Amino acid sequence: MDLRAIYNQVITENSRSKEHRHPVEGCTCSLEGVNPSCGDDITLQLRVKDGVIEDAGFLGAGCAISQASASLMIDLLKGRTVEEAKRLIDTFFKMIKGEISPEELEELEDAAALQGIAHTPARVKCAVLAWHTMEEALDK
Amino acid sequence: MRELRDDFPILRDRSLHYLDTAATSQHPECVLDAVRNYYETANANPHRGVYELAQRATDASDEARAAAARFLGCDDRELVFTRNATESINLVAYTWGRVNVAAGDEIAVYVAEHHSNMVPWQRLALEKGAAVRYMYPDEHGRLTEAELRRVINEKTRLVALAQVSNVLGLLAPVEKAIELAHQVGAVVMLDCAQSAPHMPLNLHELGCDFAALSGHKLYAPMGIGLLYGRFELLDAMPPFLSGGDMISSVHEYGAAWADVPRKFEAGTVDVGGQVGLRAAIEYMEKLGWEAITKHEAHLMELCLEGMAAIPGITVYGDADPRERYGVISFNVEDVHPHDVASILDADGVCIRAGHHCAQPLMDRLGIGRCCRASFGVYNTEEDVRSFLGSLKNVRSFMGYGS
């Protein structure tokens, strides 16, 4: 197993990043996402106004992959319309399933660093936690 | 002791360093052969058929029970075959518990119990209006006599205690717990799942009332376990599951139960698993406890010593290797246990990461989750060296200065 395909520089750096680790002022939606088997636990906060994700942040604790994934997701989705965000979330899930085209991969920007997880089934749940939580939050 | 790896087909792959025996053990070839041989030469439904083949299946089952009774220091009729320790404990909660626990009673549970020796008692207490009262470890992770005395009292009906904690690996003061419980007329449910692979047991000498074991942690196949119960207790208890083979006679409006222990073994049982358990017990008896305990204590010492030399490692529970059996739980500073386990996995080192089915203990330790390395008879110094070598690199790999 090539460990650096999973723990590449983008992921290890983002796992320690504090940039998006904060509560969101005037948040319109706060949603907890949990992996019961391994204890990854994040709370995603959003301020959505006129169909745009104006601000997003997350709190909680978990493994490097779950934390990096939350951080990379917010990097990608903050400032986007809800519609765009949902499309990108679907694109992310396609990447994790290994069904993504090179053009789509480019759209995911730095979040493409999580592509290697597709080959590590035991850790997929860590990578998708934030994205599933976001999807659910946007549907609320 | 000679190196045993090659006795275990799965471990002939030298790149594999299996350090998760506390979750489930690997199986020696003699166990796999015994199961296969049973199905090839003796398989029929036991206790039913008249023909000679059925008798062979019945004998295989009876002989397995006798081997287990010898191994555990009790009578054949005091051992019930179950699927695992969890089922054994549930059996006691559903039968003995429903008859003997009432509103206002107390059940004393050590907070370090595996969920299997905790949740059944929570449910029973809720159903009966009884209370679960917890005993806590001291700052060294040990259960003290003072703590036993604080919780066990005249209202206590049952004390639930693991002989060895599956997280801390430390031996509990079971003799004292049994003595104090019996003084107030309570019974003791001993969870031996984690102790039985690592130390000789003599249940009669110990004097406990119930004991639960899982075969799969003892080099036997998954799906076979044991419940020990003192004969008087088992004899007085109502059945658990009901149906075929647990009856002596059935009429349209009632039934009478088979004798103990078959009163508790409804339906066709897992004779293949029983045969595998017997082979595993005989394998361990052949190795001998002196060799097993000496070998495992050596690995424990080597491993704890190596871990103490790596910066940023916290070991939970008294780090003295004496009285620690098979298990080392730890964390690496700043690194989540799942990341530690993934990084070690890349070097072929298999360790467990998570809450180890002991969430209340994790809460008590204030950690939520941790890593756990655990040993079996087949582990080698090379396994320990690989573990330590991989562990050394974890923090720098994740971008932290060591």
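Just so it is clear, the model here is predicted, and its values are computed rather than measured.
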Query raised in the report: Counting only heavy atoms not in A/Glu106, do more than 12 sit closer than 6.0 Å to its CD atom?
Result: no

**Report entry** A/Arg4 CZ to B/Phe397 CZ distance, which is reported to the nearest 0.5 Å
**Finding:** 3.5 Å

Requested in this report: Check the surroundings of atom CZ in A/Arg21: do more than 12 heavy atoms from other residues, nucleotides or ligands lie under 6.0 Å from it?
Outcome: yes

**Report entry** Nearest-0.5 Å distance that lies between atom OG in A/Ser15 and atom CG in B/Asp334
**Finding:** 10.0 Å

Query - Verdict with supporting geometry, B/Arg369 and A/Asp41, salt bridge (charged side-chain N to carboxylate O under 4.0 Å, His left out) - result: CA-CA 12 Å; B/Arg369 56 205 68 84; A/Asp41 185 344; over 6 Å; no

Query raised in the report: Say you draw a straight line from OH of A/Tyr7 to CG of B/Asp339; how long is it, rounded to the nearest 0.5 Å?
Result: 3.5 Å

Requested in this report: Take atom CG of A/Asp50 as the centre, draw a 6.0 Å sphere, and report whether it contains more than 12 heavy atoms from other residues, nucleotides or ligands.
Outcome: no

Report task. Give, for atom CG of B/Asp345 and atom CG of A/Leu3, the distance between the pair rounded to the nearest 0.5 Å. Result -> 8.5 Å

Requested in this report: Step through the shown structure and confirm whether more than 12 heavy atoms of other residues, nucleotides or ligands are within 6.0 Å of CD on A/Glu136.
Outcome: no

Requested in this report: Answer yes or no: are there more than 12 heavy-atom neighbours, outside A/Glu32 itself, under 6.0 Å from its atom CD?
Outcome: yes

Query raised in the report: Taking all non-hydrogen atoms of both residues, which atom of A/Ala64 and which atom of B/Met398 are closest, and how far apart?
Result: CB-CE, 3.3 Å

Query raised in the report: Would one find more than 12 heavy atoms of other residues, nucleotides or ligands at under 6.0 Å from atom CZ of B/Arg123?
Result: no

Requested in this report: Could you please spell out the steps behind the side chain to side chain contact (heavy atoms under 4.5 Å, CB included) verdict for B/His338 and A/Asn35?
Outcome: CA-CA 12 Å; B/His338 284 97; A/Asn35 277 329; over 6 Å; no

Query raised in the report: Counting heavy-atom pairs under 4.5 Å to chain B, which of A/Arg16, A/Glu13, A/Gln67 comes out on top?
Result: A/Arg16

